[in-house]
**Student:** 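Before I ask anything, let me first share the structure, which is written out below as structure tokens.
As a basis for the values below, the full set of heavy atoms in this structure was taken, side chains included, without hydrogen atoms, waters or symmetry mates. Predicted model only: the values in this text are computed from it and were never measured.
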Amino acid sequence: QVRLVESGGGLVQPGGSLTLSCAASGNILRINAMGWYRQAPGKQREFVASITSGGSTNYAASVKGRFTISRDNAKSTMYLQMNSLKPEDTAVYYCNAAVRSTASAMYENWGQGTQVAVSS
């Protein structure tokens, strides 16, 4: 089992910056990859960024060049550095982990989410 806890959300002005954290506990050595998703009211949850255990990253086109995903294995924590924030970035941000349960099977765990609001 893996537990994920997000933190760092809040209210920021357009053009501002914010850093989100996702602390993982439990069977963290079974995590193959982690990522950030977000969901605005009335909209579907969408992919934001991901990072593998080897450090490879991927970003949604809407955030590429503005957001940076990173991971500190010693602290079992993943981060999302968000710069040049726009009102469209307003959403609840969720931490996700792809966890290996067997040699050929995996499952996903989700955190509870942290709210980000970009407004003047």
**Student:** Please list, one pair per line, the donor and acceptor atoms closer than 3.5 Å that link side chains of residues 111-120 to other protein atoms, with sequence neighbours excluded.
**Tutor:**
unit_1: Thr114; atom_1: OG1; unit_2: Gly9; atom_2: N; d: 3.1

**Student:** So Gln39 and Tyr94, side chain to side chain contact (heavy atoms under 4.5 Å, CB included) or not? Walk me through it.
**Tutor:** CA-CA 8 Å; Gln39 186 169 24; Tyr94 296 92; 4.2 Å; yes
**Student:** Looking at residues at least two apart in the chain, or sitting in another chain, which of them share a salt bridge (Lys or Arg N to Asp or Glu O under 4.0 Å) with Arg66?
**Tutor:** Asp89
**Student:** In the hydrophobic clustering (ILVMFWY, side-chain contacts below 4.5 Å, transitive), which residues join Tyr79, or is it alone?
**Tutor:**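 When side chains under 4.5 Å apart are linked, Tyr79 ends up in no cluster with other residues.
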**Student:** Quick one: salt bridge (Lys or Arg N to Asp or Glu O under 4.0 Å) partners of Glu88, sequence neighbours excluded?
**Tutor:** none
**Student:** Heavy atoms, side chains only, cut-off 4.5 Å: are Leu80 and Phe67 in contact?
**Tutor:** yes
**Student:** Which atom pair, heavy atoms only, marks the closest approach of Ser17 to Ser84?
**Tutor:** OG-N, 4.4 Å
**Student:** Going by the rule side-chain hydrogen bond (donor to acceptor under 3.5 Å, both in side chains), which residues pair with Ser7 if we only count those two or more places apart in sequence or in a different chain?
**Tutor:** none
**Student:** Can you tell me which residue pairs pass the disulfide bond (SG atoms under 2.5 Å apart) test with a partner in residues 5-79, sequence neighbours excluded?
**Tutor:**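 Pairs touching residues 5-79 that pass the test: Cys22-Cys95.
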**Student:** Within a strict 4.5 Å, meaning less than it, do heavy atoms of the Asn27 and Gln1 side chains meet?
**Tutor:**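 Touching, per the 4.5 Å side-chain cut-off.
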**Student:** What's in the same ILVMFWY side-chain cluster as Leu11, cut-off under 4.5 Å, chained through other members?
**Tutor:**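 Its cluster mates, by chain and number: none.
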**Student:** Quick check: do Asn96 and Glu108 have side-chain heavy atoms less than 4.5 Å from each other?
**Tutor:**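 Touching, per the 4.5 Å side-chain cut-off.
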**Student:** Who pairs with Thr19 by side-chain hydrogen bond (donor to acceptor under 3.5 Å, both in side chains), at least two apart in sequence or on another chain?
**Tutor:** Gln81
**Student:** Can you see which heavy atom on Thr90 is nearest to which on Ala40, and at what distance?
**Tutor:** O-CB, 3.8 Å
**Student:** I'd like to check the side-chain hydrogen bond (donor to acceptor under 3.5 Å, both in side chains) partners of Asn32; sequence neighbours left out, ordered by chain and number.
**Tutor:** none
**Student:** Less than 4.5 Å apart, side chain to side chain, heavy atoms only: is that true for Trp36 and Leu20?
**Tutor:** yes
**Student:** From Met34 CE over to Ser76 OG, what is the distance, rounded to the nearest 0.5 angstrom?
**Tutor:** 9.0 Å
**Student:** Taking only distance into account, with no hydrogens and no angle test, what donor-acceptor pairs under 3.5 Å do side-chain atoms of residues 43-54 form with protein atoms, sequence neighbours excluded?
**Tutor:**
unit_1: Glu46; atom_1: OE2; unit_2: Arg38; atom_2: NE; d: 2.7
unit_1: Glu46; atom_1: OE2; unit_2: Arg38; atom_2: NH2; d: 3.2
unit_1: Thr52; atom_1: OG1; unit_2: Gly54; atom_2: N; d: 3.3
unit_1: Thr52; atom_1: OG1; unit_2: Gly55; atom_2: N; d: 3.4
unit_1: Thr52; atom_1: OG1; unit_2: Ser56; atom_2: N; d: 3.2

**Student:** Can you check whether Ile69 reaches Met78 side chain to side chain, under 4.5 Å on heavy atoms?
**Tutor:**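 When only atoms from C-beta onward are counted, Met78 and Ile69 do touch, with a gap below 4.5 Å.
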**Student:** Show every disulfide bond (SG atoms under 2.5 Å apart) that has at least one partner inside residues 44-88, sequence neighbours left out.
**Tutor:**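 Counting only pairs at least two positions apart or across chains, no disulfide bond (SG atoms under 2.5 Å apart) contact touches residues 44-88.
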**Student:** Val12 and Val63: same hydrophobic cluster, using ILVMFWY side-chain contacts below 4.5 Å?
**Tutor:** yes
**Student:** Of all heavy-atom pairs between Thr77 and Ser21, which one has the smallest distance, and what is that distance?
**Tutor:** CG2-CB, 4.2 Å
**Student:** Test of understanding: with side-chain hydrogen bond (donor to acceptor under 3.5 Å, both in side chains), list the residues that count as partners of Arg71, not counting sequence neighbours.
**Tutor:** Asn73
**Student:** Mind checking whether Met82 and Thr68 have side chains closer than 4.5 Å, heavy atoms only?
**Tutor:**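 SC-SC contact between Met82 and Thr68 ruled out.
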